[in-house]
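Okay, structure first, notes after.
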Amino acid sequence: MFKKIIKGGQRKHSKSDSTDASLYGSGPKSNAVAAPSRNSDVPMAPPPMATVEPLPLFRDVPVSDRQNLFMRKIQICCFQFDFSDTLKSAREKEIKRQTLLELVDLIQSGSGKIMERCQEEMIKMIGVNIFRCLPPASHENTGQVATDPEEDEGYLEPSWPHLQIVYELLLRYVVSSDTDTKVAKRLIDHSFVLKLLDLFDSEDHREREFLKTILHRIYGKFMVHRPFIRKAINNIFFRFIYETERHSGIGELLEILGSIINGFALPMKEEHKLFLVRALIPLHKPKPVGVYHQQLSYCIIQFVEKDYKLADTIIRGLLKYWPLTNCQKELLFLGELEEVLEATQSAEFQRCVVPLFRQIARCLNSPHFQNWVNNDFDAQLLSACDVSPLTFHLSFPQWITFCKGGYNGTFGVLGYLLFISKVSTVLVAERALFLWNNEHIVSLIAQNQQAILPIIFDALEKNIRSHWNQAIHGLTANVKKMFMEMDAELFGDCHRQFEEKEARAQEVEEQREMTWKKLVDAAAHRGEDNMVTV
């Protein structure tokens with residue numbers, strides 16, 4: 001019994017253990033000679049290499065030796081180099097690069113079947129190269145808000161000459177028709193996918209593009225991984241929305257999801273609807289939404305086109321996260337809102353018509369515009385400009401050119417920033433009025449004018465009476481004319497109610513001024529009585 005216990009306690013070493021020790025130089029070294037394998041087709045693990053030396057090409061060796069040569073080339077590709085110094089180990093870097101290119105050509109050509117053991121070591125080698133700690137993001141070093149990657153090139157990975165080829169190798173392996181799906185889905189498991197998703201936070205846009213393509217291919221080829229990938233992306237969004245608001249790859253992940261959503265079967269699963277409500281709609285909240293809004297808007301529209309009944313949910317979600325002070329963000333929301341309304345049916349439109357047009361009315365009378373020339377600074381800025389406010393789509397050098405000489409130093413930078421903010425406000429009102437240029441939206445408004453016109457009539461009338469921009473005047477007049485043609489009686493009732501409301505407001509204002517005047521007179525009279533003559 002004691003001998004059996006001792007025998008059972010001896011651990012049996014797995015193939016992966018021996019492979020890890022031999023390929024990557026980890027584990028204790030042994031002088032024992034491995035016994036020959038019973039299966040002569042299985043390649044033997046090569047001894048660990050101390051230096052990187054060139055190996056013969058696959059076409060220069062017999063077919064029977066190619067699997068073993070493949071293993072030796074994989075071992076060369078596991079070497080890591082310091083790319084901060086371009087001259088350091090230049091020869092070894094080039095050998096590794098050429099070896100990687102040869103592996104890519106081998107996988108792409110499909111000239112020979114790669115054994116399962118070799119595939120396993122190749123995936124391990126890919127992991128050794130691409131799975132790494134990412135450097136701190138630029139905003140972590142400077143404390144600045146993350147910028148649009150299209151405007152700022154950002155960080156570029158120094159090891160990209162090798163990294164690019166490794167990604168190409170992984171992509172070719174995934175898409176190859178010669179790849180055994182059963183073997184590949186075991187090697188590219190959940191752990192591998194999670195590490196790939198972590199790399200989407202890389203600041204190098206080239207790496208994110210490769211990752212986007214590879215993950216999309218993995219999702220398409222391995223159906224067993226699809227729920228896990230969707231859940232993992234969901235978790236990334238949650239962390240971005242509610243914790244960090246900083247992630248470099250949100251746009252790329254949304255591009256993948258846009259394709260995934262397009263393939264959803266109908267009727268749509270409850271899981272997908274929850275993903276819309278809990279992840280996609282809240283993605284409108286973070287400050288850097290402008291960086292990925294185009295991809296986010298595409299995903300939202302895909303949901304509406306798949307199931308028009310979701311339009312009410314989406315519109316109310318947009319209203320929930322509607323920006324209060326960010327004019328540029330409002331422009332994005334108005335553009336997305338128009339696309340959603342184009343796919344909205346009458347029944348869903350009726351459910352959200354009241355809160356929707358209350359918000360549109362606020363856009364027509366943006367509060368950012370109220371104090372345009374109410375102080376000397378704004379008045380001087382207006383007088384300093386040689387052009388009308390309608391031509392404020394200027395770069396900073398153009399702004400300086402158009403400013404008169406006396407104000408260049410005083411109002412140059414600050415004036416430009418101020419005018420840009422003012423112009424954004426004008427554009428919000430203009431963009432909101434453009435909704436009436438859409439025939440489908442106009443037809444929805446016509447069916448619900450009894451509820452809509454009383455909500456927005458005040459905003460339209462204030463634009464006509466007090467807005468400085470002639471373009472806004474013209475657009476507002478066109479909208480009023482459309483409502484008048486739809487229902488002249490309703491339009492007259494709204495106009496009468498507006499006049500009554502204005503009259504009451506005027507009475508209240510006059511009463512306030514009279515009361516204030518009485519207080520001032522009483523204070524002055526009391527001051528005269530208490531005056532001491534010296």
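This one's a predicted model, so the numbers in the text were calculated from it and none came from an experiment.
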* Take R66 and L106 through the side-chain contact (heavy atoms from CB on, under 4.5 Å) test and state the conclusion after the steps. => CA-CA 11 Å; R66 288 182 181 176; L106 178 67; over 6 Å; no
Looking only at side chains, do [X] and [Y] share a donor and an acceptor under 3.5 Å apart?
| X | Y | answer |
| --- | --- | --- |
| Y298 | Q302 | yes |
| Q164 | E168 | no |
| R362 | Q359 | yes |
| S191 | D189 | no |

* Derivation and outcome, side-chain hydrogen bond (donor to acceptor under 3.5 Å, both in side chains), residues Q98 and E94 -> CA-CA 6 Å; Q98 293 296 335; E94 181 60 21; 2.7 Å; yes
* Asked: Is the backbone N or O of I256 less than 3.5 Å from a side-chain atom of Y219, with the two atoms forming a donor-acceptor pair by type?
  ->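 Pair absent, no side-chain N/O of Y219 close to backbone of I256.
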* Is the backbone N or O of T344 less than 3.5 Å from a side-chain atom of H440, with the two atoms forming a donor-acceptor pair by type? ->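 Checking the backbone N and O of T344 against the side chain of H440, a donor-acceptor pair under 3.5 Å is found.
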* Partner of N129 under side chain to side chain donor-acceptor pair (under 3.5 Å), chosen from Q80, H162, K124 ->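 So, applying the side chain to side chain donor-acceptor pair (under 3.5 Å) to N129 and each of Q80, H162, K124, only Q80 qualifies.
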* Asked: Is R226 salt-bridged to E271, cutoff N-O under 4.0 Å?
  -> no
* To do: State plainly whether the residues K96 and E92 are in salt-bridge range, i.e. N to O under 4.0 Å.
  =>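 So K96 does not pair with E92 through a salt bridge.
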Nearest 0.5 Å, what's the [atom1]-[atom2] distance between [X] and [Y]?
| X | Y | atom1 | atom2 | answer |
| --- | --- | --- | --- | --- |
| I314 | L337 | CD1 | CG | 11.0 Å |
| L197 | L211 | CG | CG | 9.0 Å |
| H293 | L332 | NE2 | CG | 5.0 Å |

Take atom [atom1] in [X]; do more than 12 heavy atoms of anything else shown fall under 6.0 Å from it?
| X | atom1 | value |
| --- | --- | --- |
| R91 | CZ | yes |
| R316 | CZ | yes |
| R132 | CZ | yes |

* To do: Find out whether H284 and K320 are in side-chain contact, i.e. whether some heavy atom of one side chain is under 4.5 Å from a heavy atom of the other.
  => no
* Are the side chains of L103 and I74 in touch, meaning some heavy atoms are under 4.5 Å apart? -> yes
Relative to the ring of [Y], is the ring of [X] parallel (under 30°), tilted (30 to 60°) or perpendicular (over 60°)?
| X | Y | value |
| --- | --- | --- |
| W160 | Y167 | tilted |
| F79 | F81 | parallel |
| F303 | F275 | tilted |

* Identified side-chain contact (heavy atoms from CB on, under 4.5 Å) counterpart of V61 within the set L69, L55, N68 -> L69
* To do: Write down the atom of V428, the atom of C327, and the distance for their closest heavy-atom approach.
  => CG2-O, 3.8 Å
* To do: Looking only at non-hydrogen atoms, find the nearest pair between H225 and I188 and report the distance.
  => NE2-O, 2.7 Å
* With E252, which of R206, K212, R208 fulfils salt bridge (charged side-chain N to carboxylate O under 4.0 Å, His left out)? -> R208
